Number of protein chains: 2
Amino acid sequence: MDALSDDAGGKRARGLDRAFEILDFLRQKRQALKPNEIAAQIGAPRSSVYELVNLLLRNGILEFTGGEGRVYLGRKLYFLGAAYENHFDFTRECEAVLERLADETRETAQFCMLDGNKYTVVRMREGARPFRISTDVGQSVPIPWTASGRLLVAHMSNEDILTFIPPQDFCLPSGEWLDPQAFLAEVRQAERDGLFTFNSIVDSFTHCFAVPVTDEEGHVAATLCLVAPRDDGLANRERYLDCLKDAARGLSHAPARPKRS
Amino acid sequence: MDALSDDAGGKRARGLDRAFEILDFLRQKRQALKPNEIAAQIGAPRSSVYELVNLLLRNGILEFTGGEGRVYLGRKLYFLGAAYENHFDFTRECEAVLERLADETRETAQFCMLDGNKYTVVRMREGARPFRISTDVGQSVPIPWTASGRLLVAHMSNEDILTFIPPQDFCLPSGEWLDPQAFLAEVRQAERDGLFTFNSIVDSFTHCFAVPVTDEEGHVAATLCLVAPRDDGLANRERYLDCLKDAARGLSHAPARPKRS
DNA sequence: CGCTAAAGTCCAATATACCGTACATATGAT
DNA sequence: ATCATATGTACGGTATATTGGACTTTAGCG
């Protein structure tokens, strides 16, 4: 059976995969790069990268910007993303819900989803206290680092979870390793409770609350989170959770109740 | 010069191009489609489309949705688009400008750009009179149909313009044909004036005003437009144009500055 | 000036991606 | 039952996309 993951062995890569690898890399870097730099940093043949970059430029998927031949994500991606957003029209409700959450709690409220096998903050509303949030909107973060992560993988089997999450993602920013079995236990606990809260492991001063947002099939499609100073979070725990659950109820698509036809 | 359009002869198409053709097609259709339908409607080999669709699904570029094996644009495209939007941070200013425009004029205000060789409304603010606007946000429209179109191609030579715009796009929705030479004359006039206005040719009751928004290199990167009832537009012509120019000045100065992470 | 490294272009070899075609399955009409 | 249409899968041939490497060009630097 082949290693279906990615660049294993010295096999030829498919253009499409390479192309999206380039796009993801640019997104992660969040800046324009020269084709040469891209090739070097993702470990792809330079000639291939040059050819692909030119193809993507002609399609408007990439654009020249930043001078010196640097390229970054292009306008066409914006249009495609806008079409997605328009189709799965979560944004409008989402903004309203986040605003209400932030107003009610004065804390930072986030709407989070999986991006492949990473966690990402899709939309965020800063709270009243402007303290430094460790993760920016759009950044990819290892799933085990986050409270939401426990909920976002809860629909999978333990085995699937461990093959889904890259092993190195269990290495916390502090350098310590999180025991995968402990993580799985937390996932199951979160699934039962319909929520997960903990003292953040990416910083030392916040407490995180996460509740699931389900799609029409009942799967966890996203999460709503609050990030609060620790003592504040502990003091208001029940109220914050109530606010979150209310908000999530508003966003979750009602699971199809069997009604008589 | 290569035939930059698409499937000309009976040559093999490149996977990447086919892939983005699929994505664009889905965007245009604005609904989930079965791979089979996609293949039939874009005139591509079914086996190729199935293979590409599966690849794109694996990458999160497409998603199953709508049941029956239908696919539509995927979450990853949303993330990539959001990264673009974040990098070229025009959205925030844009919304404010459109809001002010709509307030000042009570008409519908639009922010428009090129999407490949088509015109598209990127953001829109409805005016006080809610009359039916013919083009929705995100729809691709032939360049010659629009006032903005005159400005958006003004940086190109006449020759380039005629190879850039598909010939059939000079066929107006009424069925009449617009003389390309007449169009070019209007382009040059618009370039000189720094504006273009006309009675819409996609409907019979609106007057359109367009002014350019330039990037830091001075190229026309976008346009701001007003769509007004005809008599209303004629009556307020000078005032509306002043409002538009003011607004465009506000956007043109700081359009595309990459912001710090 | 050479010398080095980075950045981009060109080209042929070959692994393989694209595509035609056949096959499988379901549904519906006749 | 037979035919027709829509949908998805499987497979092999060949056109070609990917790739390593050679080759330019540009830039920095002692």
Side-chain angles (χ1 to χ4, degrees), chain A residues 1-26 29 31-72 74, chain B residues 1-26 29 31-72 74:
Chain A
M1 48 214 73
D2 50 53
L4 65 83
S5 56
D6 1 70
D7 53 355
K11 309 213 60 166
R12 259 166 71 152
R14 188 178 271 245
L16 249 184
D17 293 328
R18 270 273 148 69
F20 287 114
E21 194 182 350
I22 291 172
L23 297 183
D24 262 339
F25 181 69
L26 286 172
K29 284 295 188 181
Q31 60 173 325
L33 257 37
K34 301 185 198 181
N36 212 20
E37 299 173 312
I38 298 175
Q41 299 190 46
I42 70 176
R46 292 180 330 129
S47 43
S48 304
V49 172
Y50 273 100
E51 170 139 22
L52 288 171
V53 164
N54 283 327
L55 270 178
L56 295 170
L57 282 170
R58 288 205 290 108
N59 278 326
I61 307 295
L62 289 180
E63 282 175 16
F64 281 119
T65 179
E68 311 269 314
R70 271 180 274 261
V71 297
Y72 192 66
Chain B
M1 51 209 69
D2 50 274
L4 64 83
S5 56
D6 7 68
D7 51 359
K11 311 212 59 168
R12 265 167 66 154
R14 187 180 273 244
L16 250 184
D17 292 328
R18 271 270 142 79
F20 287 114
E21 194 180 351
I22 291 172
L23 298 183
D24 263 339
F25 182 70
L26 286 172
K29 284 293 187 183
Q31 60 174 327
L33 256 38
K34 300 184 199 181
N36 212 18
E37 300 173 309
I38 298 174
Q41 299 189 49
I42 70 175
R46 293 188 324 130
S47 44
S48 304
V49 172
Y50 274 100
E51 172 148 16
L52 288 171
V53 164
N54 283 326
L55 271 178
L56 295 170
L57 283 169
R58 252 197 285 292
N59 279 325
I61 307 295
L62 289 180
E63 281 176 15
F64 281 119
T65 179
E68 310 269 314
R70 272 180 273 262
V71 296
Y72 193 65

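Remember, predicted model here, so these are calculated numbers, not experimental data.
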Between C/dC18 atom C1' and B/I42 atom CD1, what is the distance in whole Å? 13 Å

Starting at CD of B/E68 and ending at P of D/dT7, how long is that distance when rounded to a whole Å? 9 Å

Residue from A/L52, A/V53, A/L23 passing side-chain contact (heavy atoms from CB on, under 4.5 Å) with A/I61: A/L23

What are the two closest heavy atoms between B/P45 and B/R18, and how far apart are they? CD-NH1, 3.5 Å

Could you grab the distance from atom CG of A/N54 to atom CG of A/N59, nearest 0.5 Å is fine? 11.5 Å

Exercise: identify the closest heavy-atom pair between B/L55 and A/R14: CD1-NH1, 2.9 Å

In whole angstroms, the gap separating C1' of C/dA6 from CD of A/Q41 amounts to 14 Å

Could you tell me which non-hydrogen atom of B/A32 sits nearest to which non-hydrogen atom of B/T65, and how far apart they are? CB-O, 3.4 Å

B/S/- contact track for nucleotides 12-19 of chain D, protein heavy atom under 4.0 Å: --BBSBBB

Whole angstrom value for the distance that separates P of D/dT7 from CG of B/N54: 16 Å

Separation of A/Y50 atom OH from C/dA7 atom P, in whole Å? 7 Å

Rounded to whole Å, the CG-C1' distance (A/N36 to C/dT9) equals 12 Å

Is there, by distance only and without an angle test, a donor paired with an acceptor across the side chain of B/R46 and the base of D/dG8 below 3.5 Å? yes

